[in-house]
Amino acid sequence: MIKDIFFQNPIFLMIIAAIILILSVSFSIQNEKIAKKSLYFSFFNISLAIFCLVGFSGVIKGNSLIENIYSYYVLFNLVYFLIFFIFTFSTFSLKANHYLLFIKSFRESNLNAYYVVDRNERVKDISSTLLEELGLEKNDVIGKKLFKSLNKKTRIQKLNDSESSNKLLERFYLDYKKTANVGDQIVQEIIFLNHEGKEVILKVIIQPVFILGRYKGRTAFGEIKNDFDLLSIEKKLSSSVEDLEGIKEKFIATLEISKEGLFTIDLNENTIWLSDSLKNMLKFKSNIVDLEEYRDLIEPTDRLLYLDKLSGLNLNKEFYNQSYRIKIDNDYHWFEERGKRLFENQNMAVIMGTANPIKNIHFKNSNVDVLDNVTDGSLLANKLRELIEENKYFYLVLFELSNMSELNDKHGWQFGNMVISNYIKKIKESFITENGDIYRLTGIRFAALITNPNKISAIRNGATRDPNFMDIKISYGSITCNLNVKAGVADTEVFGINESSLYIAAEQALNETRKENNVYNTIFYSDLNNKYDN
């Protein structure tokens, strides 16, 4: 039965095999990729069909078995042709539909100009807006070389802000097809005189069209503009956008590499954004955290003081600085927060700033910058000898933080180290200049060398006027305390001066501050009734 139906003349088989080969080539072109398996089969199939055509009379006809095989082979070709035809037609229809939709959406967009040319620069399609500037009808242009139409009524003046002409631009496109690669994209801004002699700007994106790896033409999509003032504004806006993008990229890069604990609080959204550094310090899983969740980790009394400070921010007081304890892994750690409320934009309620831990490990290995930079007490004698040999007049101040043990017992040694660091910093800022320095002798005893005459006078006048001149009031979070300091001062007018006698004189003055009947916490050796006798 199969034999009776499909035992056809080999010319019929040859035609089917040839159509299958054509469909295979068409399928590869549509997909811009060679379908190797399909093409290999199609070439083999047409070769077999040629063999059947040549050997039909002598080999196939008259042999029952081979005739049956030939009939099934014809049937296979018919079935394969129908399936492959349906699949190829479906793909072609889909691509054609997508192309039409693309062209339709493009025509309806703000990009109001386009043209398509083949590899020989013949126009395949062109927008009505371009035709209007050329003063031509579509029938006058389609199938003609692009510059044959352009040269009739237009004159090119500039290409991307450089002087140009019709001939130069035509030469550019002739060279373009030799150098274009798949995926290339260039932007061109062409200024030309239209058929009425009016200056027009055409800004387009040029893209090459490749089929099976070979250049087949190019497309140009863009817009026509006649308002040069508007174009100038657009260029400035474009430049501003690029500048803003550049600033944005630099800012993001800064956030990524900074070790500072940076944050941004959005009061409208009630959220806080944490930099990676701060997120890792506080051990949050996300960079964006609910603001209340963050503030709940702050020690309750510190939180009240912190929120009170934030509520007081206004146009005249945009900046703040506040320390507090925040819970990390069930332990409180001291942090210092510095920030600014942004009032410039009325639609925003934002606070930006930094939050970093206050380092407060034991002073022998403190990692506290101020304490680590305090000179070791073993170097004091050499420095005293050096200044004395140079006939320098200076004060040696021995001072002790007399209630440091109480503060440590009450608030912890971590808090104590922060207090010491703060006090040493203030002493350095207030009195230490030139050859002066601060030396750490014990955990709570320090020596300071005051070499500037103005600072020497400030020490003398301040200690005479105020019995508690060297004391200081310090606040961290909700904790406020008074640091009581006792000091003994000796200057280089001590009789029999040398580094040893100077130190002993200052120590004797310091010891005098501990007496019950003493009123002043800072005493000068020169004011003692009983001078030290060398």
Side-chain angles (χ1 to χ4, degrees), residues 240-328 332-360 368-370 415 418-419 421-422 425-426 428-430 472-480:
S240 299
V241 170
E242 289 178 3
D243 291 342
L244 288 173
E245 284 297 320
I247 294 171
K248 178 182 175 182
E249 289 174 6
K250 291 174 184 176
F251 180 67
I252 292 173
T254 301
L255 294 182
E256 289 174 343
I257 64 176
S258 175
K259 294 182 179 179
E260 285 285 314
L262 306 171
F263 69 84
T264 301
I265 297 174
D266 189 328
L267 297 174
N268 291 331
E269 297 293 331
N270 208 40
T271 58
I272 179 170
W273 173 87
L274 312 172
S275 67
D276 286 341
S277 178
L278 184 55
K279 180 193 75 172
N280 294 333
M281 288 181 207
L282 300 175
K283 299 188 177 180
F284 280 108
K285 294 181 180 179
S286 172
N287 292 89
I288 300 177
V289 180
D290 182 81
L291 186 57
E292 294 306 316
E293 180 183 350
Y294 176 87
R295 289 175 174 173
D296 283 345
L297 297 177
I298 301 175
E299 195 276 334
T301 53
D302 290 352
R303 183 168 66 244
L304 292 175
L305 194 64
Y306 169 68
L307 294 176
D308 182 62
K309 179 159 287 191
L310 292 185
S311 67
L313 297 176
N314 53 53
L315 286 171
N316 297 320
K317 187 181 178 183
E318 300 174 306
F319 297 90
Y320 70 94
N321 179 15
Q322 183 65 32
S323 55
Y324 51 74
R325 288 159 288 181
I326 189 166
K327 186 178 288 186
I328 305 174
Y332 281 113
H333 297 258
W334 282 97
F335 269 66
E336 182 178 36
E337 182 172 309
R338 297 174 180 271
K340 178 187 177 182
R341 173 74 183 269
L342 306 183
F343 289 99
E344 289 82 358
N345 191 330
Q346 298 296 324
N347 298 320
M348 294 172 58
V350 172
I351 297 175
M352 297 184 67
T354 63
N356 292 294
I358 302 174
K359 299 173 183 177
N360 49 23
V368 181
D369 292 339
V370 174
F415 178 83
M418 289 193 297
V419 170
S421 174
N422 193 327
K425 182 178 179 181
K426 290 185 181 298
K428 277 194 170 188
E429 291 173 349
S430 301
I472 190 173
K473 185 176 182 179
I474 295 177
S475 295
Y476 283 105
S478 60
I479 302 174
T480 299

Verdict with supporting geometry, Val350 and Thr264, side-chain contact (heavy atoms from CB on, under 4.5 Å): CA-CA 7 Å; Val350 172; Thr264 301; 3.6 Å; yes
side-chain contact (heavy atoms from CB on, under 4.5 Å) for Ile328 and Lys283? Distances and angles first, verdict last. CA-CA 7 Å; Ile328 305 174; Lys283 299 188 177 180; 4.1 Å; yes
Audit row: Glu299, Ile326, side-chain contact (heavy atoms from CB on, under 4.5 Å) steps and yes/no: CA-CA 6 Å; Glu299 195 276 334; Ile326 189 166; over 6 Å; no
Using the rule given for side-chain contact (heavy atoms from CB on, under 4.5 Å), can you reason through Arg325 versus Thr301, listing the C-alpha separation, both sets of side-chain angles and the distance that settles it, and then say yes or no? CA-CA 9 Å; Arg325 288 159 288 181; Thr301 53; 3.9 Å; yes
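We find the CE-NZ distance between Met352 and Lys340 to be 9.5 Å, quoted to the nearest 0.5 Å. How far CD of Glu260 is from OG of Ser277: 7.5 Å, rounded to the nearest 0.5 Å. Here the OG-CZ distance, from Ser323 to Phe335, works out to 12.0 Å after rounding to the nearest 0.5 Å. Distance CG/Leu307 to CD1/Ile298: 7.0 Å, rounded to 0.5 Å.
Applying the side chain to side chain contact (heavy atoms under 4.5 Å, CB included) rule to Ser430 yields no partners; only residues at least two apart in sequence or on another chain are considered. Applying the side chain to side chain contact (heavy atoms under 4.5 Å, CB included) test to Asn314 and every residue at least two apart in sequence or in another chain returns Asn316, Lys317. With sequence neighbours excluded, no residue forms a salt bridge (charged side-chain N to carboxylate O under 4.0 Å, His left out) with Lys426. Residues meeting the side chain to side chain contact (heavy atoms under 4.5 Å, CB included) test with Lys309, sequence neighbours left out: Tyr320, Gln322. Residues meeting the side chain to side chain contact (heavy atoms under 4.5 Å, CB included) test with Asn321, sequence neighbours left out: Glu336, Arg338.
The two residues Asp302 and Tyr476 make their nearest non-hydrogen contact at OD1-O, 4.5 Å. Considering every non-hydrogen atom in both Pro357 and Met281, the closest pair reads CD-SD, 3.5 Å. Looking at every heavy atom in both residues, Thr354 comes nearest to Phe263 through N-CE2, 3.4 Å.
Here ring-ring contact (aromatic ring centres under 6.0 Å, His included) pairs that include residues 282-319, with residues two or more places apart or in two chains, are Tyr306-Tyr324.
A donor-acceptor pair under 3.5 Å is absent between the side-chain atoms of Arg295 and the main chain of Arg303, judged by distance alone. For Asn356 (side chain) and Gly261 (main-chain N/O), a donor-acceptor pair under 3.5 Å exists by modelled atom type. Asn287 contributes a side-chain N or O that, together with a main-chain N or O of Leu274, makes up a donor-acceptor pair within less than 3.5 Å. The main-chain N or O of Met418 is never found under 3.5 Å from a side-chain atom of Asn422 such that the two would form a donor-acceptor pair. Judged purely by atom type and a 3.5 angstrom limit, Glu269 has no side-chain atom pairing as donor or acceptor with the backbone of Thr271.
Between Leu267 and Ile351, some side-chain heavy-atom pair lies under the 4.5 Å cut-off. Counting only heavy atoms from C-beta outward, the side chains of Asp296 and Glu293 never approach each other to under 4.5 Å.
Among Leu310, Leu313, Leu315, the one residue that satisfies the side-chain contact (heavy atoms from CB on, under 4.5 Å) test with Arg341 is Leu313.
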